[in-house]
Amino acid sequence: MTPEHTRLVAALRELRAGAGLSLAALAERTAYSKSSWERYLNGKSLPPRHAVRELCRLADEPEGRPLALWELAESHWGGRATTASAPVSAPRSPADEPPPPRPEAPPPAGTGRHLRRSRLLLLLASAYTVVVGGVAALLFLLLPDSEAPEGEPLPASVPFSLAPLCHGAACEGRDPMRLICGIGPDTLAAYRTATGAHVELRHSQKCGASWARTWRTEIGDRLEVTAGGPTHSLRIGNADEAATFMYTEMTEATPGGTVRACFRPASADGERECFEARVGPAAAASRTPSPAASPDSHG
């Protein structure tokens with residue numbers, strides 16, 4: 001898979017895991033079969049754009065970022081984003097030159113017309129083959145994936161096939177999606193701000209790191225996350241970012257530790273709101289809006 005396709009698969013797996021949907025449930029609620037979803041979520045084939053939108057709908061997540069990832073993956077699918085240059089042939093030595101053709105006897109009188117007719121028929125046959133083949137290929141591409149065979153046995157859930165690329169301190173300040181930490185994370189706590197934005201604290205046990213994500217935001221909103229170490233933040237910079245879900249960089253988070261997120265609205269009179277959660281098998285979350293406590297009391 002290309003890096004673009006890998007990031008798309010990671011985002012789709014996170015959506016599916018967050019919604020708790022099995023392959024059978026996806027097949028029942030969409031126009032695509034279990035075998036199709038198995039290929040999409042394992043990176044065996046590129047999903048249609050509509051399938052990405054359907055998964056976002058079922059997961060109740062904004063579709064802006066997944067569709068942007070799909071656009072990138074689709075543009076690189078099959079190497080279409082790169083232009084292959086024509087190979088340069090090496091100079092040949094005289095010994096490599098083919099021998100000169102032997103002189104042929106002139107054709108019998110009257111055969112020129114037959115040769116031209118044969119060549120014309122051959123050209124028409126070739127053109128017909130190209131047209132029919134192109135139509136067949138187009139029909140094949142337009143066939144819905146819901147027609148995929150259902151005979152092969154499939155597991156109830158897609159096996160995890162993409163290993164995280166960092167752990168603990170190595171994940172500090174890095175992108176959870178690029179490092180394959182965003183597949184099947186735990187939601188430590190969820191919070192809705194006074195402006196209507198949604199914020200979640202996410203944690204990957206496989207990566208030993210946490211981050212915060214937000215959606216339904218406004219341009220200029222800020223989000224911060226820390227686990228007692230460095231603070232990582234993001235700012236909603238444009239309408240596209242406000243229309244999708246955005247996430248901070250990761251911070252190392254160990255079992256039993258506390259992760260804290262703070263949301264700063266863009267409006268000048270908006271107050272900072274913070275909440276925190278503990279990392280562990282049973283994550284105990286607490287919501288503490290910052291106006292009721294010192295904004296810097298937890299770093």
Checklist outcome for this item: Here the ring pair (Phe, Tyr, Trp, His ring centres under 6.0 Å) pairs for residues 193-212, sequence neighbours left out, are H198-W215
Item to check | Qualifying residues under side-chain contact (heavy atoms from CB on, under 4.5 Å), relative to P3, sequence neighbours excluded | outcome: R7
Checklist entry - Heavy atoms, side chains only, cut-off 4.5 Å: are T251 and E172 in contact? => result yes
Checklist entry - If we only count heavy atoms from C-beta on, is the W37 to S22 side-chain gap below 4.5 Å? => result no
Checklist outcome for this item: All heavy atoms of A27 vs all of S33, minimum pair found to be CB-C, 4.0 Å
Next on the checklist: Distance alone, cut at 3.5 Å: any donor-acceptor contact between the side chains of R65 and Y247?
Outcome noted: yes
Item to check | Polar side-chain atom of T231 near backbone of T226 as donor-acceptor pair, under 3.5 Å | outcome: no
Checklist entry - If you round to the nearest 0.5 Å, how far is CZ of R178 from OG1 of T6? => result 11.0 Å
Next on the checklist: Hydrophobic clusters here meaning ILVMFWY residues chained together by side-chain heavy-atom distances under 4.5 Å, can you tell me if L67 and L26 are in one?
Outcome noted: yes
Next on the checklist: Once rounded to the nearest 0.5 Å, what's the spacing between atom CD1 of I236 and atom CG of L223?
Outcome noted: 8.0 Å
Checklist outcome for this item: dist F263:CZ -> T195:OG1 (nearest 0.5 Å) comes out at 4.0 Å
Checklist entry - Should P265 and T193 count as side-chain neighbours, where that means a heavy-atom distance under 4.5 Å? => result no
Checklist entry - Taking side chain as C-beta onward, heavy atoms only, is R13 less than 4.5 Å from N42? => result yes
Item to check | Any pair counted as salt bridge (Lys or Arg N to Asp or Glu O under 4.0 Å), so long as it reaches residues 222-239, sequence neighbours left out | outcome: E224-R264, E224-R272
Checklist entry - Which pairs, with at least one residue in residues 47-58 and sequence neighbours excluded, count as a side chain to side chain donor-acceptor pair (under 3.5 Å)? => result Y32-H50, R49-E71, R53-E63, E54-R57
Next on the checklist: Going by disulfide bond (SG atoms under 2.5 Å apart), name the residues that satisfy it together with C56, two or more places apart in sequence or in a different chain.
Outcome noted: none
Next on the checklist: Can you tell me if the gamma sulfurs of C171 and C166 sit closer than 2.5 Å?
Outcome noted: yes
Checklist entry - Are more than 12 heavy atoms from other residues, nucleotides or ligands located less than 6.0 Å from atom CG of D60? => result no
Next on the checklist: Applying salt bridge (Lys or Arg N to Asp or Glu O under 4.0 Å) as the test, list every pair that has at least one member in residues 196-205; sequence neighbours left out.
Outcome noted: E14-R202, E200-R202, E200-R213
Checklist entry - Under a 4.5 Å cut-off applied to non-hydrogen side-chain atoms, are L188 and V259 in contact? => result yes
Next on the checklist: Show the nearest heavy-atom pair for residues S210 and A253, with the distance to one decimal.
Outcome noted: OG-CB, 3.3 Å
Item to check | Nearest heavy atoms of E38 and L23, plus distance in Å | outcome: N-CD2, 4.0 Å
Checklist entry - Do you reckon L41 sits in the same ILVMFWY cluster as L58, going by side-chain contacts under 4.5 Å, direct or chained? => result yes
Checklist entry - Out of curiosity, does M246 fall in the hydrophobic cluster containing I219 (side-chain heavy atoms, cut-off under 4.5 Å, transitive links)? => result no
Checklist entry - Got a second to check how far M177's CE is from L69's CG, nearest 0.5 Å? => result 8.5 Å
Checklist entry - What distance do K44 atom NZ and R39 atom CZ have between them, rounded to the nearest 0.5 Å? => result 8.5 Å
Checklist entry - P47 and A51: which non-hydrogen atoms are nearest, and at how many Å? => result CB-CB, 4.3 Å
Checklist entry - Nearest 0.5 Å, what's the CD-CZ distance between E252 and R174? => result 13.5 Å
Checklist outcome for this item: Heavy-atom nearest pair, L46 first then Y40, reads O-CE2, 4.0 Å
Checklist entry - If only atom types and distance count, is the side chain of T254 paired as donor or acceptor with the main-chain N or O of G257 below 3.5 Å? => result no
Item to check | A189 backbone acceptor or donor facing T187 side chain under 3.5 Å | outcome: no
Next on the checklist: I need the minimum non-hydrogen distance between E241 and T217, along with the two atoms involved.
Outcome noted: O-OG1, 4.2 Å
Next on the checklist: Show, in sequence, the C-alpha distance, side-chain angles and deciding distance for L8 and L72, and conclude whether the side-chain contact (heavy atoms from CB on, under 4.5 Å) test is met.
Outcome noted: CA-CA 9 Å; L8 172 64; L72 290 173; over 6 Å; no
